[in-house]
Asks: 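What follows is a structure written as structure tokens; I'll ask about it next.
Excluded from the calculations below are hydrogen atoms, water molecules and symmetry mates; all remaining heavy atoms, backbone and side chain alike, are included. Since this is a predicted model, take the numbers as computed values, not measurements. Note that the numbering runs from 1 along the sequence shown for the chain.
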Amino acid sequence: MIPPLVVEIGQMRIDATGRPEDAARIETTLRQGLDLLAERLAHSPFARDPAVLHTAIGQIRIDDLGVEDWLGDRGAARVADILYQRIAEGGAA
């Protein structure tokens, strides 16, 4: 039996230039993106070896998203895509 994949996030910081009212939408996009990422990771090689995932995620920095990405229709999918890519690359920016 494959053990469940658990990803713990102690702290997350988003630097985006936007209006104060955009903060809730950015948070929603992030949560949806993390849900999509979890689905993708559950069906990935990482799910079979969580120790690899643990070592791959030391720090991930995303510089590729602007506020228009966070607020756009594909924002959550872009977040999931970028995070998965960074994880697969070992967290490299």
Asks: Taking all atoms of both residues into account, what is the closest heavy-atom pair of T29 and W70, and its distance?
Replies: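 Scanning both residues, the minimum pair turns out to be OG1-O, 2.7 Å.
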Asks: So, for A76 and Q32, which heavy atoms are closest and what is the spacing to 0.1 Å?
Replies: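 Between these two residues, the closest heavy atoms are CB-CB, 3.5 Å.
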Asks: Which atom pair, heavy atoms only, marks the closest approach of G33 to A80?
Replies: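 Scanning both residues completely, I find the closest heavy atoms to be O-CB, 3.5 Å.
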Asks: Within this structure, what is the CD1-CG distance for the pair I82 and L37, rounded to the nearest 0.5 Å?
Replies: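 The distance works out to 11.5 Å.
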Asks: Sequence neighbours excluded, which residues qualify as side chain to side chain donor-acceptor pair (under 3.5 Å) partners of R74?
Replies: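 Checked R74 against side chain to side chain donor-acceptor pair (under 3.5 Å); zero matches.
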Asks: If we only count heavy atoms from C-beta on, is the I26 to V67 side-chain gap below 4.5 Å?
Replies: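 Of all side-chain heavy-atom pairs linking V67 with I26, at least one is under 4.5 Å.
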Asks: Using 0.5 Å steps for rounding, measure from the CG atom of L71 to the CG atom of L65.
Replies: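 Nearest 0.5 Å value for the CG-CG distance: 11.0 Å.
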Asks: Given side-chain contact (heavy atoms from CB on, under 4.5 Å), test D81 with L36 step by step and report yes or no.
Replies: CA-CA 9 Å; D81 290 345; L36 291 172; over 6 Å; no
Asks: Can you name the nearest heavy-atom pair linking H43 to E39, along with the distance?
Replies: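 H43 and E39 have their closest heavy atoms at CD2-O, 3.0 Å.
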